[in-house]
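Below, read A as the first sequence line, B as the second, and so on, with proteins coming before strands; counting in each chain starts at 1. In what follows, every heavy atom counts, from backbone to side chain, and hydrogens, waters and symmetry copies are set aside.
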2 protein chains.
Amino acid sequence: MTRTGSRTTGRPTLAEVARLSGVSPITVSRALRGVATVAPELVAKVKAAAAELGYVANPAARALASAQSQSVVVLIPSLSNQLFVETLDAIHDVLRPRGLDVLIGNYRYDAAIEESLIRNYLACQPRGLLLTGLERSDAARQMLDASRVPRVHMMELDSHDDAVCVGFSQQDAGYAAARHLLQRGRRRIGFIAAQLDPRVLQRAEGFRRALGEAGLHDARLELMVPQPSSIALGGELFSQLLARHGDVDGIFFCNDDLAHGAIFQAQRQGVRVPEQVAMVGFNDLPASAHMVPRLTSIRTPLAAVGQQAAQALLDLLDGKGRQKATRDLGFELMMRESS
Amino acid sequence: MTRTGSRTTGRPTLAEVARLSGVSPITVSRALRGVATVAPELVAKVKAAAAELGYVANPAARALASAQSQSVVVLIPSLSNQLFVETLDAIHDVLRPRGLDVLIGNYRYDAAIEESLIRNYLACQPRGLLLTGLERSDAARQMLDASRVPRVHMMELDSHDDAVCVGFSQQDAGYAAARHLLQRGRRRIGFIAAQLDPRVLQRAEGFRRALGEAGLHDARLELMVPQPSSIALGGELFSQLLARHGDVDGIFFCNDDLAHGAIFQAQRQGVRVPEQVAMVGFNDLPASAHMVPRLTSIRTPLAAVGQQAAQALLDLLDGKGRQKATRDLGFELMMRESS
DNA sequence: CTGAAAGCGCTTACAG
DNA sequence: CTGAAAGCGCTTACAG
């Protein structure tokens with residue numbers, strides 16, 4: 001069943017390609033890697049020989065000789081969230097064609113798990129890292145700095161230090177959501193949030209800034225719980241908020257799944273949306289455009305973040321420096337029936 | 001920025017651990033891998049030295065010397081589908097603690113992409129493969145057989161040959177869904193399906209078998225389109241089916257997202273569910289239990305498939321053979337308001 | 001522009 | 001139970 005014991009893989013090697021094409025192994029290595037210093041006719045001969053033998057370089061040997069692996073590690077806080085799936089897909093699309101393996105670490109919004117993933121993955125000498133956000137444990141930060149592995153931060157923009165970031169301003173997005181409700185004439189605006197990861201808290205800041213400017217901020221209308229975000233939780237929190245504050249006329253949800261749960265719950269309770277309560281969600285998940293009523297939401301550039309972050313990492317690897325260190329990809333308010 | 005040029009990684013090596021613990025490198029290697037033939041006191045000494053130096057084996061060197069990588073490749077047809085995300089997560093949970101890297105290939109329901117992923121990933125000499133279903137291109141099949149890399153097939157059960165499979169009977173699940181609608185007294189039962197991958201077609205077979213047995217099969221009530229499954233598509237197909245066949249009183253959807261779209265559309269059109277049309281979905285996506293009305297659905301063991309498939313692969317790698325070659329994990333009908 | 005030599009950091013295969 | 005030697009298949013660093 002499982003071959004064991006043999007030292008070789010049985011696949012053609014560089015040396016065999018060299019023999020067949022009548023050059024030295026190192027020339028084959030250079031020709032195949034596209035190193036400029038090889039004569040065009042030799043390159044052609046080598047490529048023909050490689051094709052004939054079906055040669056593919058052994059990644060382990062390459063990694064060992066060059067002290068560089070071919071893997072990039074992506075650390076995300078959740079996979080169930082659906083959010084990061086689009087991002088991951090885009091990352092794969094950019095990195096795979098460059099021959100890089102993508103290793104995914106899901107730390108489930110747990111800093112200790114993230115730290116342990118960093119520790120373990122760093123042992124594989126990844127070429128680069130794609131991290132979510134800027135906040136992590138001190139130990140994790142130290143390991144990252146010590147490793148000197150190039151990295152790009154996704155989803156947030158950098159405020160103070162010089163990290164390479166690809167994302168958008170979570171705070172501005174929260175601000176935009178609240179401004180929209182204000183412009184719709186809402187005055188008793190609530191905020192329902194779960195998970196409470198750094199990005200959710202940034203959205204909360206933006207929300208407060210907008211309401212504060214309008215002189216309408218009321219902390220009692222904020223319902224923030226640390227549990228994972230879900231449809232069920234959204235329904236529950238909606239009921240709670242309305243039971244406590246019957247005059248609430250608008251709600252910003254930190255994630256669409258909470259808003260979906262609230263829309264279902266509102267229908268069950270006979271609360272009219274948007275007439276009695278207007279709703280704005282976040283992330284514009286696929287279902288949002290189809291809900292009854294259709295959910296107004298902040299569309300976030302999830303795929304673009306993955307694509308650009310991967311590209312930014314490639315730029316770092318290619319030594320193209322970090323001219324445009326931070327890339328703000330923005331967001332878009334999708335106005336629909338719920339507000 | 002990016003270190004280039006240095007041959008070494010700068011990390012502690014086996015040789016340094018050997019020096020510190022006063023034994024030979026090979027003994028360190030054996031002690032750390034848990035090979036039985038090392039004296040307990042030496043093992044302790046070696047482990048202490050390794051811990052002191054912060055030694056972690058270089059995976060590339062290990063892979064090169066042993067002609068075996070530490071990676072397992074998982075090929076799935078979709079990432080956006082949310083279905084496979086749970087499965088992937090479970091696979092990670094089983095394989096990572098064993099020191100295996102999980103490489104994900106998303107072939108987007110495209111046999112040509114799958115073939116190319118197989119070609120490329122096989123070059124990395126993965127320890128094992130986790131594949132979705134049993135159907136693929138001839139070229140892909142040949143490469144897989146030639147590679148002799150152990151593999152496990154997920155989501156479907158094997159009918160004829162001797163593949164190791166972990167999943168459930170898609171056909172029986174389709175049969176169960178149709179039987180349920182029949183038992184609810186429905187007589188004009190439609191089938192709405194998209195994507196039309198092999199598993200969807202197996203569900204269709206089960207659906208037809210049930211209706212055929214009841215003498216109620218009417219091919220005109222089957223609406224099957226090759227486009228990707230989505231909420232929007234579900235709404236459209238539902239409208240179409242009802243426009244053509246106003247007497248339809250029950251519908252089985254090959255995937256929950258189609259049913260979600262239909263429920264939203266029914267509400268917009270004023271079609272009452274389940275009074276006028278009963279609905280049954282498939283996969284029991286998170287939203288299904290919360291829709292208005294709550295959607296009856298076939299719950300499939302997505303996480304369990306990942307967990308057990310990964311375990312089955314480990315068994316193959318450990319040479320534990322394939323005693324229980326096929327594992328049927330079953331499914332469950334979640335009865336709710338929509339039927 | 002091309003190559004001979006050495007080496008990356010492990011494990012295999014063989015002794016003892 | 002332990003080890004000296006050789007080798008895995010590449011690339012680096014140095015010549016020419």
Side-chain angles (χ1 to χ4, degrees), chain A residues 2-46 49-50 53-70 99 123-125 127, chain B residues 2-46 49-50 53-70 99 123-125 127:
Chain A
T2 8
R3 297 154 309 178
T4 41
S6 77
R7 300 210 64 162
T8 64
T9 62
R11 300 186 311 149
T13 67
L14 242 202
E16 296 176 45
V17 178
R19 220 168 296 140
L20 182 60
S21 46
V23 298
S24 72
I26 183 58
T27 298
V28 174
S29 169
R30 286 196 273 246
L32 261 25
R33 273 180 299 150
V35 173
T37 64
V38 182
E41 59 268 29
L42 280 193
V43 173
K45 210 187 291 183
V46 167
L53 293 174
Y55 172 78
V56 186
N58 181 324
R62 173 170 284 178
L64 182 59
S66 65
Q68 281 195 323
S69 76
Q70 294 301 316
C124 303
Q125 308 163 227
R127 290 292 296 276
Chain B
T2 7
R3 298 154 310 177
T4 42
S6 77
R7 300 210 64 162
T8 64
T9 62
R11 300 185 310 148
T13 67
L14 241 204
E16 297 176 46
V17 178
R19 219 168 299 141
L20 183 60
S21 46
V23 299
S24 73
I26 182 60
T27 297
V28 174
S29 170
R30 287 196 272 244
L32 261 24
R33 274 179 299 150
V35 173
T37 64
V38 182
E41 60 268 27
L42 280 192
V43 173
K45 209 187 292 183
V46 167
L53 292 173
Y55 171 78
V56 186
N58 181 324
R62 172 170 283 178
L64 182 59
S66 65
Q68 282 197 321
S69 76
Q70 292 302 315
C124 303
Q125 309 163 227
R127 290 291 296 277

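Residues B/Ala50 and B/Val17 come closest through the heavy atom pair N-CG1, 3.9 Å. For the residue pair B/Ser24 and B/Ala18, the shortest heavy atom distance occurs at C-CB, 3.8 Å.
Counting to the nearest Å, the P atom of C/dG9 and the CZ atom of B/Arg19 are 11 Å from each other. Protein atom CZ of A/Arg11 is 10 Å distant from nucleotide atom C1' of D/dG9, rounded to whole Å. Taking atom CG of residue B/Leu53 and atom P of nucleotide C/dC10, one finds them 12 Å apart after rounding to whole Å. When the P atom of C/dC10 is taken as reference, atom CD of B/Glu16 falls 9 Å away, rounded to whole Å. If you measure from atom CD of A/Gln68 to atom P of C/dG9, you get 14 Å, rounded to the nearest angstrom. The distance between atom CG of B/Leu32 and atom C1' of D/dT2, rounded to the nearest whole Å, is 16 Å. Distance A/Asn58 CG to D/dC8 C1': 8 Å, rounded to the nearest Å. Rounded to a whole Å, the CG atom of B/Leu64 is 12 Å from the C1' atom of C/dG7.
In terms of position on DNA chain D, the residue among A/Ser29 and B/Glu41 whose nearest nucleotide sits closer to the 5' end is B/Glu41.
Residue-level contact check: B/Thr37 touches the bases, meaning some heavy atom is under 4.0 Å from a base atom.
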Filtered N/O pairs between nucleotides 14-16 of chain C and protein, under 3.5 Å:
none

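Proximity of A/Thr13 to the phosphate of D/dG9: no side-chain N or O atom is located under 4.0 Å from OP1 or OP2. For B/Ser24, no side-chain nitrogen or oxygen approaches OP1 or OP2 of D/dT2 to under 4.0 Å. For C/dT11, the OP1/OP2 oxygens have a side-chain nitrogen or oxygen of B/Arg33 closer than 4.0 Å.
D/dA13 makes up no base pair with any nucleotide shown, lacking Watson-Crick or G-U wobble contacts both under 3.5 Å. C/dA4 makes up no base pair with any nucleotide shown, lacking Watson-Crick or G-U wobble contacts both under 3.5 Å.
A/Arg11 CZ to A/Glu16 CD: the interatomic distance, rounded to the nearest 0.5 Å, is 11.0 Å. Taking CG from A/Leu53 and CG from A/Leu14, the interatomic distance works out to 11.0 Å, rounded to the nearest 0.5 Å. Annotation: the span from A/Thr37 atom OG1 to A/Arg30 atom CZ amounts to 5.0 Å, rounded to 0.5 Å.
Here the side chain of B/Ala39 is nearest to one of D/dC10, D/dT2, C/dT11, namely D/dT2. Closest approach to the A/Ala65 side chain among D/dT2, D/dG9, C/dG9 is made by D/dG9 (side chain taken as heavy atoms from C-beta onward). For B/Ala61, counting side-chain heavy atoms from C-beta on, the closest listed nucleotide (C/dT11, C/dT2, C/dC10) is C/dC10.
The main-chain N or O of A/Gln125 is found under 3.5 Å from a side-chain atom of A/Ser69 such that the two form a donor-acceptor pair.
Counting heavy atoms from C-beta on, the side chains of A/Val23 and A/Lys45 never come closer than 4.5 Å. Residues B/Arg62 and B/Asn58 are not in side-chain contact: their nearest non-hydrogen atoms beyond the backbone lie 4.5 Å or more apart.
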